[in-house]
Chemist: 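Have a look at this one before I ask anything.
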Amino acid sequence: MNASSMSAFASTIIFWIARILAVLILGFWGFIIIAHLVGDAGAPSRDLNLQDYAGISAMVGSLLGLGLSFKWERIGAMVTLTAIAIGATLNWRVLLFPGILIPIAAVLFLLHSYLRNSESRHHDMASRL
């Protein structure tokens, strides 16, 4: 196996790991959000403040970014990582398990995008020779 085919294989593996992880994350959070919207257990114990709304918005932004990553890997990953950075600035505990899986999935999408782009550049350079 040459380096180009190894890079393509690694890129494919990383891509599918990122997709499977993103589906699991979106499924879990989708279930939690729907359960809170439908049931009465989601009632807040106190009034929400501005920091709470910003944290919720950051979480929604990170989930939307993961959804975008299925079509546009770089854009979705950057949206996700930006939203996670904002959320972590407001409350560092969002980076604990299982929240850390969201930026891991985004980084995997970015890595896949980089490997795919470098592979196509390598292929273009090889075809010019």
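Residue indices begin at 1 and follow the sequence shown.
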Chemist: When hydrophobic residues are tied together by side-chain contacts of less than 4.5 Å, even through go-betweens, does V60 share a cluster with I25?
Modeler: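 In one cluster: no.
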
Chemist: Do I102 and M59 have side chains that approach each other closer than 4.5 Å (heavy atoms only, starting at C-beta)?
Modeler: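 Yes - at least one pair of side-chain heavy atoms lies under 4.5 Å apart.
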
Chemist: Flag yes if F70 and L115 sit in one hydrophobic cluster, no otherwise; membership is Ile, Leu, Val, Met, Phe, Trp, Tyr, and two members link when side-chain heavy atoms are under 4.5 Å apart.
Modeler: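 Yes.
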
Chemist: Determine the minimum heavy-atom distance between G65 and V79, stating which atoms define it.
Modeler: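 Minimum heavy-atom separation between G65 and V79: CA-CG1, 3.8 Å.
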
Chemist: With heavy-atom distances below 4.5 Å as the criterion, would you say the side chains of L24 and L101 are in contact?
Modeler: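 The answer is no; the side chains never approach within 4.5 Å.
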
Chemist: Is there a path from L81 to F97 through hydrophobic residues (I, L, V, M, F, W, Y) whose side chains come within less than 4.5 Å of each other?
Modeler: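 Result: no, two separate clusters.
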
Chemist: Please indicate whether L50 has more than 12 foreign heavy atoms, meaning atoms of other residues, nucleotides or ligands, lying under 6.0 Å from its CG.
Modeler: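 Result for CG/L50: open.
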
Chemist: When rounded to the nearest 0.5 angstrom, what distance separates CG in L63 from CZ in F28?
Modeler: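 Spacing of CG (L63) from CZ (F28) equals 10.5 Å.
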
Chemist: Which distance, rounded to the nearest 0.5 Å, do you find between the CD1 of I86 and the OG of S62?
Modeler: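 Going from the CD1 atom of I86 to the OG atom of S62 covers 10.5 Å.
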
Chemist: Is a side-chain N or O of T80 found less than 3.5 angstrom from the main chain of G76, in a donor-acceptor match?
Modeler: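 Answer holds: yes.
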
Chemist: For I32, is there any backbone N or O sitting under 3.5 Å from a side-chain donor or acceptor partner on H36?
Modeler: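 Yes.
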
Chemist: What are the two closest non-hydrogen atoms of A18 and A105, and how far apart are they?
Modeler: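 Between these two residues, the closest heavy atoms are CB-O, 4.0 Å.
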
Chemist: Between the main-chain N or O of N49 and the side-chain N or O of D52, is there a donor-acceptor pair closer than 3.5 Å?
Modeler: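 Flag set: sc D52 to bb N49 pair under 3.5 Å.
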
Chemist: So how far is it from T89 OG1 to Q51 CD, rounded to the nearest 0.5 Å?
Modeler: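 Going from the OG1 atom of T89 to the CD atom of Q51 covers 10.5 Å.
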
Chemist: To the nearest 0.5 Å, what is the distance between CG on L90 and CD1 on I56?
Modeler: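 If I round to the nearest 0.5 Å, the distance is 11.5 Å.
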
Chemist: Between I100 and L108, is there a shared hydrophobic cluster once you connect ILVMFWY residues whose side-chain heavy atoms come closer than 4.5 Å?
Modeler: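 I100 and L108: one cluster.
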
Chemist: CD1 of I14 to OG of S113: how many Å apart, nearest 0.5 Å?
Modeler: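 If I round to the nearest 0.5 Å, the distance is 11.5 Å.
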
Chemist: Is there side-chain contact between R116 and F15, with at least one heavy-atom pair below 4.5 Å?
Modeler: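 A side-chain contact is absent here, since even the closest heavy-atom pair is not under 4.5 Å.
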
Chemist: Roughly how far apart are E73 CD and N117 CG, rounded to 0.5 Å?
Modeler: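 Separation between the atoms: 11.0 Å.
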
Chemist: What verdict does the side chain to side chain contact (heavy atoms under 4.5 Å, CB included) test give for L110 and R74, after you've listed the backbone C-alpha separation in whole Å, the side-chain angles of each residue and the deciding distance to 0.1 Å?
Modeler: CA-CA 6 Å; L110 269 180; R74 283 189 186 177; 4.2 Å; yes

